A.B. asks: 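A single structure is presented below for examination.
All values reported here derive from a predicted model rather than from experimental measurement.
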Protein chains: 4
Amino acid sequence: MDNRPTRQSVGDHLTTTQKEKTRDRILGAAEQVFASKGYHESLVDDIAEEVSLSKGGIYFHFPSKEDLFFAVLDRLADRLVVKAEEAAARETSPLARAEAALMEVLLRLGKRRRLARILMVQGYSMGNAFEAKRVEIFGRFAEVIKANLDEAVLAGEIRDVDTAIAAHVWLGAINEIVIRWLYEGTPQPASAADSLRSILVHGLIVEDSF
Amino acid sequence: MDNRPTRQSVGDHLTTTQKEKTRDRILGAAEQVFASKGYHESLVDDIAEEVSLSKGGIYFHFPSKEDLFFAVLDRLADRLVVKAEEAAARETSPLARAEAALMEVLLRLGKRRRLARILMVQGYSMGNAFEAKRVEIFGRFAEVIKANLDEAVLAGEIRDVDTAIAAHVWLGAINEIVIRWLYEGTPQPASAADSLRSILVHGLIVEDSF
Amino acid sequence: MDNRPTRQSVGDHLTTTQKEKTRDRILGAAEQVFASKGYHESLVDDIAEEVSLSKGGIYFHFPSKEDLFFAVLDRLADRLVVKAEEAAARETSPLARAEAALMEVLLRLGKRRRLARILMVQGYSMGNAFEAKRVEIFGRFAEVIKANLDEAVLAGEIRDVDTAIAAHVWLGAINEIVIRWLYEGTPQPASAADSLRSILVHGLIVEDSF
Amino acid sequence: MDNRPTRQSVGDHLTTTQKEKTRDRILGAAEQVFASKGYHESLVDDIAEEVSLSKGGIYFHFPSKEDLFFAVLDRLADRLVVKAEEAAARETSPLARAEAALMEVLLRLGKRRRLARILMVQGYSMGNAFEAKRVEIFGRFAEVIKANLDEAVLAGEIRDVDTAIAAHVWLGAINEIVIRWLYEGTPQPASAADSLRSILVHGLIVEDSF
DNA sequence: AATGAATGAGCATTCATTCAT
DNA sequence: AATGAATGAATGCTCATTCAT
């Protein structure tokens, strides 16, 4: 009956629908709850309460608790990868870009305990189901680093090492530093950053150059 | 401390009693089950079946599933630390000892998938309760490495870096390489060992020395 | 009763309004879904999907799932009773009319598995709520048969038995034959019809007459 | 250590173990609850309370609510078949045996409303899963009747009809009479027994013999 | 030492129904 | 008339743990 043109077309890709907003609110609440209690100890009820929605409401948006958890992880990883890439883009040399990406991840995780916990450890409590996801997410980070290391090799900035292994070494280092910080409280990632970078880039050997 | 030979009856702490044998059988079965299914998905029933014992029988030897899991972890870590220390002892220079300890851990984990899984990832599945244990165990490994690195610094073999961070970097690298191998199947830790060592020891920078 | 043609506007009780059409489409879809999955295993969502309508749309036409189910049953029973009565009307003797009604029901059920399932067994799935409905519907069929049997008694065609019981015996026989056919696939009601009629009408006893 | 012979050997087939007793108590309680509320409306909690056992206790003995329900049905059917066979055995002619079996079932169902409800209707509320069971149980009753009718045919007592159909006709008749009684309260199966038998055995036709 | 029956708190998921739009 | 997001009560099943024997 109403054929008047509307200023906001239905399904417009620029419009955030109400449904998407609710979905996002659920993701936010779930992130918070999962981060503080871990997967198994987080009840769907907890998340429902956090987001002021009924349990059924959550199940309208996500088919299962597991799917919800994965969606949370994806969202976090997406954001972090974007930030890492942005940080890399601000540098000029390939090695500097790789370092920047790594440091960005380290520092962001170091600033947000919740983010760190959920990406680094909470997922394991899902049992084997989580493993593929963990590999996928770390693989995405590794890819960003490896790409820059490859360029650095081509540019002659670094030695011709196995850049895939190097990328994972870097990530593993971050992972360990962050976990240690999470559970021992020290050292703060930010204050470990310089040592870390130095060790990763220059190794331990005394430079007997000149 | 007491090395005198004993002739004591059954029940003696130097004799392997029947009770201790059963306890050990339980630990072995539990290790197997936990390694393949993770903590949460492993049922006490599964372990009981594996060890051909009733559930009650297990509870006679271990007060809870959690305690049993910790005992499994401790046993594994004990063995691995001993092996790492033995490997280190066979070397002469401090840095070589640190490297040897690291490589020993990497190669042993690389040979025993089950061992790797349980030490590297399954533990997280207990939620926050496990975290202290994880830190404790990784701390023990780190300690072995750090001690040797400290000596290497004193001996002037390596730069005067933060050896605690370096030790964790090394462990984190191993952790990541092993996890990647577990879930992607490649590269085999043994074949990654050289690259890994090179990267950790010499860093990535082109040595423009002499 | 009123056969005069009408010229009334939309909304008239003799006109099939859009609303009535939708209602009918819902009934058809519900019949199909209930017949194949039974009451409890049929979800309002299933029916909504079948009829390409939203769940809310169904609730606009029917106050509850239970009401919808009853409406489906009523529609089916109405049709079948009409057919049975028509079949009876085509016969001349009372006994022949009773037999015709019975056979009509048997054969129609035998032709439409779905119809048979829903009338013979699915209804029970509502628990006690359905029972009155089942009695009502079977009662309607029994009434048709009983009325003719009563006449047959008056006409001296059959013995002076309890016609109510006889009517239910006949229905029970049909019910059992149809259910057996539904789940064992044999014998086809049509092929059992003659045996059935013979057994019901003549009994089993050898006629040692004349 | 104790090698003294015991008076009661373990696993003795004449001994009712404690476990079996509990299992039986559960079956009894379940029979009662299912009979009065139907399958879906009976909660495992209801049964647990009825038998003064925890929910988990029930699941120790039966893997699921559905299995428990089937076990209840089997037990009831077993008993009823035995009684029907005993009743048949007390008669001398084949037809009398078939009649006796049928009447035994009718009268027993007529005496125990709960038994009747559970065997005749409650199961349907399980949805399609129940159907095979219903067919199986009715098939067992039919078999008893058919066997005797076959003999009656051989003995020339009854006509050479399709005894499988006849057996199901008889059962269907009982089923319908019992259900009608259950929901309308009348006629009492016992008082319908004579009419029923007469109708089934002699049919409706006026015997014009003399 | 070991059994195994029993406990009981715990929880994800389902689905008929509602209601603002 | 119809939508579909949201509700919320309902419930079967799990499993670590206990304990009488």
Side-chain angles (χ1 to χ4, degrees), chain A residues 1 17-23 26 40-48 51-68, chain B residues 17-19 21-23 26 40-48 51-68, chain C residues 17-19 21-23 26 40-48 51-68, chain D residues 1 17-23 26 40-48 51-68:
Chain A
M1 297 291 186
T17 64
Q18 189 56 47
K19 182 170 180 179
E20 283 164 344
K21 274 184 197 160
T22 302
R23 192 189 139 95
I26 295 172
H40 265 105
E41 315 221 343
S42 296
L43 308 188
V44 176
D45 274 311
D46 294 335
I47 297 166
V51 75
S52 297
L53 206 63
S54 68
K55 227 192 293 202
I58 289 178
Y59 277 90
F60 181 78
H61 292 275
F62 296 91
S64 71
K65 182 184 173 185
E66 188 173 312
D67 279 271
L68 175 54
Chain B
T17 63
Q18 188 56 45
K19 181 169 179 179
K21 274 184 195 159
T22 302
R23 192 187 140 93
I26 295 172
H40 270 104
E41 304 194 12
S42 295
L43 309 186
V44 176
D45 273 312
D46 295 333
I47 297 166
V51 75
S52 297
L53 210 63
S54 71
K55 234 192 294 203
I58 289 178
Y59 276 89
F60 180 78
H61 292 276
F62 296 92
S64 74
K65 183 185 173 184
E66 188 172 314
D67 280 272
L68 173 54
Chain C
T17 64
Q18 188 57 46
K19 181 168 179 180
K21 274 185 196 159
T22 302
R23 192 188 139 95
I26 294 172
H40 269 104
E41 304 193 11
S42 296
L43 310 185
V44 175
D45 273 312
D46 294 333
I47 297 166
V51 74
S52 297
L53 209 62
S54 70
K55 237 193 292 204
I58 288 177
Y59 277 89
F60 179 79
H61 292 276
F62 296 92
S64 74
K65 183 184 174 185
E66 187 174 313
D67 281 272
L68 174 53
Chain D
M1 297 293 185
T17 64
Q18 188 56 45
K19 183 170 179 178
E20 283 165 345
K21 274 185 197 161
T22 303
R23 194 189 138 93
I26 295 172
H40 265 104
E41 316 222 343
S42 296
L43 309 187
V44 176
D45 275 312
D46 295 334
I47 298 166
V51 73
S52 296
L53 206 64
S54 68
K55 222 191 298 202
I58 289 178
Y59 277 90
F60 180 77
H61 291 276
F62 297 92
S64 74
K65 182 184 172 184
E66 188 173 310
D67 280 271
L68 174 54

A.B. asks: Using whole Å, what does the distance between atom P of nucleotide dA5(F) and atom NZ of Lys21(A) come to?
C.D. replies: 15 Å
A.B. asks: Testing the basics here: between Ile58(A) and Ile26(A), what is the closest heavy-atom pair and its distance to 0.1 Å?
C.D. replies: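 Looking at all heavy atoms of both residues, the shortest contact is CA-CD1, 4.1 Å.
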A.B. asks: Which base sits across from dT17(F) as a Watson-Crick or G-U pair, both distances under 3.5 Å?
C.D. replies: dA6(E)
A.B. asks: Both Leu43(A) and Ser54(B) contact DNA chain E. Taking the nearest nucleotide for each, which residue is further toward the 5' end?
C.D. replies: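 By nearest-heavy-atom nucleotide position, the 5'-most residue is Ser54(B).
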A.B. asks: Indicate the atoms forming the closest heavy-atom contact of Ser42(C) with Lys65(C), along with that distance.
C.D. replies: O-NZ, 2.8 Å
A.B. asks: Nearest nucleotide by nearest heavy atom, which residue falls closer to the 5' end of DNA chain E, Phe60(B) or Lys55(C)?
C.D. replies: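 Closer to the 5' end of DNA chain E: Phe60(B).
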A.B. asks: Just how far, in rounded Å, is C1' of dA2(F) from NE2 of His61(C)?
C.D. replies: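 His61(C) atom NE2 is separated from dA2(F) atom C1' by 8 Å.
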A.B. asks: Just how far, in rounded Å, is C1' of dC15(E) from OH of Tyr59(A)?
C.D. replies: 13 Å
A.B. asks: Tell which nucleotide pairs with dG12(F), taking only Watson-Crick or G-U wobble pairs whose two distances are both under 3.5 angstrom.
C.D. replies: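 dC11(E) - that is the nucleotide pairing with dG12(F), both distances being under 3.5 Å.
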A.B. asks: Does Ser52(A) or Lys19(C) map to a spot on DNA chain F nearer the 5' end, using the closest nucleotide for each?
C.D. replies: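 It is Lys19(C) whose nearest nucleotide is closer to the 5' end.
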A.B. asks: Looking at every heavy atom in both Ser54(C) and Ala48(C), which two are closest together, and how far apart are they?
C.D. replies: C-CB, 4.0 Å
A.B. asks: Roughly how many Å is it from CG in Asp45(A) to P in dT13(E), rounded to a whole number?
C.D. replies: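 It is 12 Å, rounded to the nearest whole Å.
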A.B. asks: State, with a plain yes or no, whether a side-chain heavy atom of Leu43(C) is found less than 4.5 Å away from one of Asp46(C).
C.D. replies: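 A side-chain contact exists here, since the closest heavy-atom pair is under 4.5 Å.
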A.B. asks: Return the pairing partner of dA1(F) with a 3.5 Å limit on both distances, Watson-Crick or G-U wobble; otherwise return none.
C.D. replies: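 For dA1(F), the partner nucleotide comes out as none, under the 3.5 Å rule.
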A.B. asks: In Å, rounded to the nearest 0.5 Å, how long is the span from CZ of Arg23(B) to NZ of Lys21(B)?
C.D. replies: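 So the CZ of Arg23(B) and the NZ of Lys21(B) are separated by 15.5 Å.
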A.B. asks: Quick check: on DNA chain F, is the nucleotide nearest Leu53(C) upstream (toward 5') of the one nearest Lys65(B), or the reverse? Name the residue that is more 5'.
C.D. replies: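 Checking each residue's closest nucleotide, the 5'-ward one belongs to Leu53(C).
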A.B. asks: Take atom CZ of Arg23(C) and atom P of dA1(F), then tell me their distance rounded to the nearest Å.
C.D. replies: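 Rounded to whole Å, this separation is 13 Å.
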A.B. asks: In whole Å, what is the span from the CD1 atom of Ile58(D) to the C1' atom of dT11(F)?
C.D. replies: 14 Å
A.B. asks: Would you mind telling me which of dA1(F), dT17(E), dA1(E) lies closest to the side-chain atoms of Ser64(C)?
C.D. replies: dT17(E)
A.B. asks: How long is the line joining CZ of Phe62(A) and P of dA5(F), in whole Å?
C.D. replies: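 For the pair Phe62(A) CZ and dA5(F) P, the rounded distance is 13 Å.
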A.B. asks: Counting only side-chain N and O atoms of Thr22(C), is one of them less than 4.0 Å from OP1 or OP2 of dA1(F)?
C.D. replies: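 For dA1(F), OP1/OP2 do not have a side-chain N/O of Thr22(C) under 4.0 Å.
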A.B. asks: Between atom CG in Leu68(C) and atom P in dC15(E), what is the gap in whole Å?
C.D. replies: 16 Å
